[in-house]
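Read through the structure below, which is laid out as structure tokens, and then see the notes.
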Amino acid sequence: MIRRRIREIIDRSIQKSYTEIDKINFEVEKPKREDFGDLSTNVALVLQGVLKENPRKIAEDLSNQLKEERALFERVEIAGPGFINFWLRNSLLFETLKEALKDGDSFGKVDIGGGKKVLIEFVSANPTGPLHIGHGRGAAYGDALARIFKFAGYEVNKEYYINDRGTQMDILGASVYLRAKELVGERISFPEDYYQGDYIYEIAKVALRLFEDLLKKGEREAIALCRELAIKIILEDIKNDLKNFRVEFDQWYSEKGLYESGLVEEVIEELKKRGLVYESEGALWFKSSLFGDEKDRVIKKSSNDWTYFASDIAYHYEKFFKRGYDLAINLWGADHHGYVARLKGVLKAMDIPSEKLVILLIQMVNLLEGGELKSMSTRKAEYVELKELVREVGVDAVRFIFLSRSQDSPLDFDVELAKKHSAENPVYYVQYAHARICSLKEKAEAVGYDLEEIHRADLTLLREKEELALLKRIAEFSDHVELAATQFAPYKITYFLLDLAGIFHEYYNKFRILGEDKDLSLARLALSEGCRIVINNGLNLLGVSSPNRM
RNA sequence: GGGCUUGUAGCUCAGUGGAUAGAGCACUGGCCUCCGGAGCCAGGUGUCGGGGGUUCAAAUCCCCCCAAGCCCGCCA
């Protein structure tokens with residue numbers, strides 16, 4: 001919020017001094033070193049390029065104007081090649097703390113979304129097996145993004161797209177069918193590219209119990225029965241895993257439904273009319289090469305089956321034109337990156353501005369076991385199930401680990417290490433700060449403090465370096481929410497929380513909150529509660545709990 | 001062979017074109033008669049993969065090269 005205000009003030013100063021300049025791109029940021037002020041701007045250095053003047057002279061002109069803003073700045077200085085450094089007035093920080101105490105759960109909200117409708121589609125794993133830890137990363141990431149976007153003023157829907165038709169489903173059905181035969185004693189040979197996991201046996205058992213004459217039916221019919229049953233059972237399992245992982249979707253969107261409603265045919269027909277679809281070698285092709293893809297892509301095979309691409313075309317048409325989303329965010333596994341160009345191409349063909357679809361590629365989670373790296377594969381049954389990891393490590397720790405990295409950084413998951421309830425786990429560091437403050441408040445009440453009084457505490461008593469540092473973090477929280485949203489980067493919140501918790505622990509160890517001086521104690525309690533509110537709100541954005549005691 | 005992503009301290013990773021590139025872990029040694037020791041304090045590390053270029057300023061932008069992962073099917 002403060003950054004925003006300073007930006008506006010600088011913009012006005014530029015307008016006043018240099019009427020010929022219309023728009024420039026400058027930064028107002030927190031400098032790396034404390035002695036460069038609370039905030040700093042490179043505006044003079046940027047203007048140098050346009051004005052061809054000495055940057056220090058430009059900085060001087062501007063800073064003279066900025067010094068007029070006495071309510072905001074304690075000090076304004078020029079440094080180095082022409083940076084303007086600002087020291088904020090403490091009164092500003094005190095005001096923000098009071099706000100935090102008053103606003104509580106909603107402190108830190110920013111309205112950059114203006115109520116725009118956003119659809120975040122994530123996980124969307126094929127219902128061919130249980131969720132593994134790779135899916136967990138996407139689940140944590142998408143859910144956190146949704147929470148952050150809501151906090152940043154967007155109207156958010158979370159959606160899981162179910163691939164409930166197509167080749168993989170047929171293979172799934174056939175896998176169950178074969179295992180059913182095996183269970184009744186028939187000799188079978190189980191193809192390598194069928195689903196190898198043990199859960200297939202479990203489903204086969206259910207199938208045998210449910211359909212008594214299953215193996216007497218024709219193969220086609222039997223496989224279809226197995227397929228539908230398997231999808232249902234696996235999907236239930238997936239929903240359950242996600243719920244336990246604190247991820248709840250607003251919509252479960254069926255791919256099959258796109259065909260049943262005739263939408264696929266309708267949209268393809270529309271593309272045909274525009275001359276973007278042609279027939280060749282008995283198949284239907286979309287001219288994606290016209291829109292930046294390397295080559296044209298098949299939408300209907302010569303076997304007369306639609307490809308997944310056909311579904312995706314209809315699905316995204318529907319997102320924008322039928323449901324009217326202003327922004328669609330798709331979280332895909334990085335192995336799908338080859339599909340980005342063709343989908344973006346389709347959007348272009350349908351005249352949808354490309355910035356309305358953001359595709360975030362989540363890098364793979366590799367499994368580190370016995371010093372050996374393995375990649376996840378549902379089909380080969382090489383994976384660690386999400387539910388297993390969550391059971392052994394806990395939701396909070398798993399989510400926090402997943403959310404402490406940028407999505408395009410690959411993650412080697414050392415299962416043995418993560419399973420340890422190690423105290424070094426950073427999530428406990430942050431949660432511990434929260435629990436500590438809760439305990440502090442209890443203690444305060446026990447010795448006779450009225451916690452309502454903190455709203456009227458004399459905050460000017462907060463003068464220690466650590467106290468001012470904490471006040472500044474509290475004031476900066478909304479900046480980080482904004483950054484996390486605009487950069488689709490929940491881990492910005494994670495880093496912010498680790499920093500805040502660190503300063504709080506330092507402070508707590510060095511100073512006594514509840515001491516002889518009642519007024520000072522009350523001010524310190526107010527500060528602590530402000531920190532607690534920010535930690536709580538931040539953890540909330542990550543979907544991690546804020547325990548009162550641990 | 002082409003494409004996407006990545007390469008920063010021993011390890012895991014931050015780093016929105018800016019000032020002396022930062023955390024955590026690991027390692028060593030200290031700190032509770034006192035609000036929670038899942039904590040704190042003190043110790044030191046870098047050819048930012050390499051080479052060019054753009055810029056007043058490059059880990060960051062552009063080009064080339066090297067390495068790793070992934071993708072390159074009328075599979076998903």
Side-chain angles (χ1 to χ4, degrees), chain A residues 25 27-33 35-36 40-42 45-46 48-49 54-55 79-83 85 126 128 163 166-169 171 193 280-285 293-295 297-309 333-341 361 363-364 366 373 375 378-379 401 404-412 414 417 421-433 435-444 446-447 483 486-487 489 491-492 494-495 498-499 501-502 504-515 521 524-525 528 549-550:
Chain A
N25 236 337
E27 305 289 338
V28 176
E29 60 184 5
K30 188 177 158 180
K32 284 174 196 155
R33 291 179 46 181
D35 45 317
F36 292 150
S40 174
T41 179
N42 64 346
L45 294 158
V46 176
Q48 167 193 228
N54 183 326
F83 290 100
N85 298 336
N126 287 355
T128 54
N163 295 114
T167 320
Q168 291 310 315
M169 291 306 115
I171 293 176
D193 61 343
S280 172
E281 301 165 63
L284 266 190
W285 300 69
D293 199 1
E294 323 176 295
K295 50 178 283 196
R297 306 290 177 177
V298 169
I299 48 182
K300 193 181 202 177
K301 301 185 244 179
S302 53
S303 63
N304 230 18
D305 293 323
W306 293 100
T307 63
Y308 282 72
F309 186 40
D335 52 340
H336 288 67
H337 66 75
Y339 295 77
V340 175
L361 299 174
Q363 287 296 326
M364 303 283 102
N366 291 309
L373 271 182
S375 28
T378 303
R379 207 180 305 183
I401 290 170
S404 58
R405 265 171 194 67
S406 149
Q407 99 285 345
D408 53 25
S409 163
L411 188 68
D412 293 339
D414 188 330
L417 197 81
H421 262 283
S422 62
E424 310 98 67
N425 201 325
V427 69
Y428 299 125
Y429 188 76
V430 177
Q431 287 183 323
Y432 186 59
R436 232 177 190 178
I437 297 169
C438 290
S439 148
L440 194 60
K441 284 163 64 185
E442 274 179 32
K443 174 85 184 179
V447 300
L483 268 178
T486 53
Q487 300 185 14
Y491 66 92
K492 303 264 178 195
T494 312
Y495 275 88
L498 284 166
D499 181 51
F504 183 78
H505 285 310
E506 201 182 311
Y507 175 58
Y508 181 91
N509 263 278
K510 198 161 161 191
F511 297 97
R512 212 173 152 81
I513 312 288
L514 304 172
S521 299
R524 288 181 168 174
L525 268 176
S528 302
R549 54 186 77 237
M550 326 176 32

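Owing to the predicted nature of the structure, the values given are computational and were not obtained by experimental measurement. In what follows, chains are A, B, ... by sequence order, proteins preceding strands, each numbered from 1.
Picking from B:G36, B:G39, B:U16 the nucleotide with the shortest atom distance to the side chain of A:Q487 gives B:U16. For A:Y495, whose side chain is taken as the heavy atoms from C-beta onward, the closest listed nucleotide among B:C74, B:C35, B:C13 is B:C13. Of the candidates B:C74, B:C56, B:G36, B:C56 carries the atom nearest the A:L45 side chain, counting heavy atoms from C-beta on. Each of B:C74, B:C35, B:A19 was ranked by its minimum atom distance to the side chain of A:F83; first place goes to B:A19. Of the candidates B:C74, B:G3, B:C75, the closest approach to any side-chain atom of A:Q168 belongs to B:C75. The nucleotide whose nearest atom lies closest to any side-chain atom of A:D335 is, among B:G36, B:G18, B:C70, B:C70. In this structure, of B:C41, B:C4, B:G39, it is B:G39 that holds the atom nearest to the side chain of A:N509. Here the side chain of A:E281 is nearest to one of B:C41, B:C4, B:C74, namely B:C74. Distance from the side chain of A:K443 is smallest to B:C35 among B:C74, B:C35, B:A19. For A:S409, taking side-chain heavy atoms from C-beta onward, the closest of the listed nucleotides B:U16, B:G37, B:C13 is B:C13.
Between A:L361 and A:Q407 the shortest side-chain heavy-atom distance does not fall below 4.5 Å. The shortest side-chain heavy-atom distance between A:T307 and A:K301 falls under the 4.5 Å cut-off. No side-chain heavy atom of A:Q168 sits under 4.5 Å from any side-chain heavy atom of A:N163. Side-chain contact between A:D305 and A:T167: absent, with no pair of heavy atoms (C-beta onward) separated by less than 4.5 Å.
Across all strands shown, A:A341 has no heavy atoms under 4.0 Å from either base or sugar-phosphate atoms. Within the nucleic acid shown, A:T167 comes within 4.0 Å of sugar-phosphate atoms alone, with no base atom in reach, counting heavy atoms only. A:H337 comes within 4.0 angstrom of a base, heavy atoms only. Using a 4.0 Å heavy-atom cutoff across all strands shown, A:R297 reaches no nucleic acid atom at all. Looking at heavy-atom distances under 4.0 Å, A:N126 makes contact with sugar-phosphate atoms alone, never a base. Within the 4.0 angstrom heavy-atom criterion, only backbone atoms of the sugar-phosphate kind lie near A:Q363; the bases stay farther away. Residue A:K510 is classed as having no contact, given no heavy-atom separation below 4.0 Å to the nucleic acid. At the heavy-atom level, A:F511 lies under 4.0 Å from base atoms of the strands shown. Nucleic acid contact for A:K295: sugar-phosphate only, since backbone atoms but no base atoms lie under 4.0 Å from a heavy atom of the residue. Nucleic acid contact for A:A79: base, since at least one base atom lies under 4.0 Å from a heavy atom of the residue. Nucleic acid contact for A:S40: base, since at least one base atom lies under 4.0 Å from a heavy atom of the residue. Across all strands shown, A:N304 has no heavy atoms under 4.0 Å from either base or sugar-phosphate atoms.
Rounded to whole Å, the separation between the C1' atoms of B:C64 and B:G17 comes to 22 Å. Taking atom C1' in both B:G43 and B:U60, the straight-line distance is 32 Å, to the nearest Å. B:G18 and B:C11 are spaced 27 Å apart, taking the P atom of each and rounding to whole Å. Atom name P, nucleotides B:G15 and B:A59: the rounded distance is 16 Å, in whole Å. To the nearest whole angstrom, the two C1' atoms, one in B:C31 and one in B:A23, are 23 Å apart. Atom name C1', nucleotides B:U45 and B:C32: the rounded distance is 32 Å, in whole Å. Taking atom C1' in both B:C56 and B:A19, one finds a spacing of 13 Å when rounded to whole Å. For the C1' atoms, the distance from B:U47 to B:A9 is 13 Å, rounded to whole Å.
We find that CG of A:N85 is positioned 14 Å from P of B:G18, with the value rounded to whole Å. For A:Y508 and B:C31, the OH to C1' distance is 15 Å, given to the nearest whole Å. Between A:E506 atom CD and B:G36 atom P the separation is 19 Å, expressed in whole Å. The distance from atom CZ of A:F504 to atom C1' of B:A38 is 15 Å, rounded to the nearest whole Å. When the C1' atom of B:G22 is taken as reference, atom CD of A:E29 falls 15 Å away, rounded to whole Å. Atom CG in A:D293 sits roughly 13 Å away from atom P in B:C72 (whole-Å rounding). For A:K30 and B:A19, the NZ to P distance is 15 Å, given to the nearest whole Å. Taking atom NZ on A:K492 and atom P on B:A14, their separation rounds to 10 Å, with Å as the unit.
Ring pair A:Y491/A:Y495 is perpendicular by interplanar angle, where above 60° counts as perpendicular and below 30° as parallel. Between A:F504 and A:Y507, the ring planes are perpendicular. Angles over 60° get that label, and only those under 30° would be called parallel.
Between A:K441 and B:C35, a side-chain N or O to OP1/OP2 separation shorter than 4.0 Å is absent. Checking the phosphate oxygens (OP1, OP2) of B:A38, a side-chain nitrogen or oxygen of A:Y432 falls inside 4.0 Å. Under 4.0 angstrom from either OP1 or OP2 of B:G37 there lies no side-chain N or O belonging to A:Y429. Between B:C75 and A:K301, a contact under 4.0 Å exists linking OP1 or OP2 to a side-chain N or O. Taking side-chain N and O atoms only, A:R524 has no distance below 4.0 Å to OP1 or OP2 of B:C35.
The glycosidic torsion of B:C32 lies within 90° of 0, which places this base in the syn conformation.
Across all strands shown, B:G1 forms a Watson-Crick or G-U wobble pair, both distances under 3.5 Å, with B:C72. Checking B:G22 for Watson-Crick or G-U wobble geometry (two distances, each under 3.5 Å) identifies B:C13 as its partner. Pair assignment for B:A42: B:U28, on the basis of Watson-Crick or G-U wobble contacts that are both within less than 3.5 Å. Pairing of B:G7, defined by two Watson-Crick or G-U wobble distances under 3.5 Å, is identified with B:C66.
Residues A:Y308 and A:G338 each lie close to RNA chain B; by heavy-atom proximity, the contact nearer the 5' end of the strand is made by A:G338. When the nearest nucleotides of RNA chain B are assigned to A:R436 and A:L411 by heavy-atom distance, the more 5′-ward of the two goes with A:L411.
Counting all heavy atoms, side chain and backbone alike, A:Y429 lies closest to A:L498 at CE2-O, 3.9 Å. Shortest non-hydrogen contact noted between A:S406 and A:D408 is OG-OD1, 2.8 Å.
Remark: the A:S302 side chain and the B:C74 base include a donor-acceptor N/O pair separated by less than 3.5 Å. No N or O donor and acceptor, one from the side chain of A:N42 and one from the base of B:A57, sit under 3.5 Å apart.
The closest donor-acceptor contact from the side chain of A:S528 to the backbone of A:R524 lies under 3.5 Å.
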Practice problem: Start with the C-alpha distance between A:L45 and A:F83, add both sets of side-chain angles, then the distance that settles side-chain contact (heavy atoms from CB on, under 4.5 Å), and finish with yes or no. | Solution: CA-CA 7 Å; A:L45 294 158; A:F83 290 100; 3.8 Å; yes

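Ring-base stacking between A:Y491 and B:A14 is not satisfied when judged by a centre separation under 5.5 Å and a plane angle under 30°.
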